[in-house]
2 protein chains.
Amino acid sequence: MTRAEECPEEFDPTRLLTPRAREVLEAARTLLERDGWAALTMRALADELGIAAPSLYKHFASKDALKSQLVAVGLKDFGEALRPVTSVAALVRRYREVAGANPELYRLATHGPLDRDALPPGLEDWSGSPFFEATGEPYRAQALWAAVHGMVILELDGRFPTGSAPKATWDELANHFS
Amino acid sequence: MTRAEECPEEFDPTRLLTPRAREVLEAARTLLERDGWAALTMRALADELGIAAPSLYKHFASKDALKSQLVAVGLKDFGEALRPVTSVAALVRRYREVAGANPELYRLATHGPLDRDALPPGLEDWSGSPFFEATGEPYRAQALWAAVHGMVILELDGRFPTGSAPKATWDELANHFS
DNA sequence: GTCTATAAGTTGATAGAC
DNA sequence: GTCTATCAACTTATAGAC
């Protein structure tokens, strides 16, 4: 397995957080991955940390701010995992792997509108750029990203009749874009 | 535009509903499309109908039951709209059109796990079968469906840098599967 | 089929002391 | 940075009368 490249410093979402805020964010990620976003209440997060819920507001102004940080961390981690790019087939394989290893974070980072103002400038583009590098063409890159996202999300949600998508389906997809 | 074929009677989700329950369902769909699923509370629905919220429980046992009906109606309508199948390109175009015309119902019907026990038996398969007819091969059908779903949902959520996906991206996708 | 009254639970968030 | 006390809003859902 290819080793991931590190994210440029200016894209690191935790750059400006206090150490304690980082711990809160870490706990939030743990809880998110364990129980899903719907279960991630401020109370549940406080319990996980062993503190009272109102204390959280000393570290994050609102639940929404915390959510944006989680999304940003997701974009950073996923972007890192997809580098360096070797081929379309490898990119597709890696995308599936990293999403499958962090399903709830993946859902949170890709579902619904994106609050771009709350993200480090450039992070979103950087996160998706492996698709451009793999295809060498912007429209093709977008189409490939959308296709792979569709596969991943339908698989995570158990939408394929077989539960997860058969290998043949993944191969079919990768081949069409190779 | 090709005319849609009617859904077989046994797949009609409203088959066993009372006339009044159908009206409630209709209002729910209107409200869903207007304000989104998050805003569709039992109170809001009752207001839309001009009745009190508890009265709704005479027609649907729970909010979850209502949701399942909405999902079923979505699968039926989308399945209808995709028939008869003429080509992969036409299917992809039509899929985008019908999802774009009912974005909130599309979201509801495709997001998250599917409660298959609450659906008319066979409806789910029937709804997706145009993809098999268009591709003539099951794995290819799944891959195409996933790819198109990814495009649609990312476009609805405003996830493409350009807002909606450029025509070139859609063409790219359709061409890969033609 | 509709109503009123109400239960019972949840949530994010604030004030102010320490 | 943490606490306690508390608010204000909101949800789905039930009981029972008409």
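Values in this document were obtained by computation on a predicted structure and should not be read as measured data. We name chains A, B, ... by the order of the sequence lines, and we start the count at 1 in each one.
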Could you walk me through whether A/Arg159 and B/Thr110 pass the side-chain hydrogen bond (donor to acceptor under 3.5 Å, both in side chains) test, one step at a time? CA-CA 8 Å; A/Arg159 284 302 198 124; B/Thr110 58; 5.8 Å; no

Looking only at side-chain atoms of A/Lys58, point me to the closest of C/dA13, D/dC3, D/dT2. D/dT2

Closest to the A/Ile51 side chain: C/dT2, C/dA5, D/dC3? D/dC3

Expressed as a whole number of angstroms, how long is the span from A/Leu66:CG to C/dT11:P? 15 Å

Per atom distances to the B/Arg43 side chain, the nearest of D/dT11, C/dG12, D/dG1 is D/dT11

Classify the ring geometry of B/Trp145 against A/Phe160: parallel below 30°, tilted from 30° to 60°, perpendicular beyond 60°. perpendicular

Per atom distances to the A/Ala52 side chain, the nearest of C/dT2, D/dT4, D/dA13 is D/dT4

Ignoring backbone atoms, test whether B/Lys63 places a side-chain nitrogen or oxygen under 4.0 Å from the OP1 or OP2 oxygen of D/dT12. yes

Minimum-distance nucleotide to B/Met42 side chain [options: D/dT12, C/dA13, D/dT14]: D/dT12

Candidate nucleotides C/dA5, D/dT12, D/dG1, ranked by approach to the side chain of A/His59 - the nearest: D/dG1

Which is true for B/Ser55 with a 4.0 Å heavy-atom rule: it touches a base, it touches only sugar-phosphate, or it touches nothing? base

Lys/Arg N to Asp/Glu carboxylate O, A/Arg29 vs A/Glu33, below 4.0 Å: no

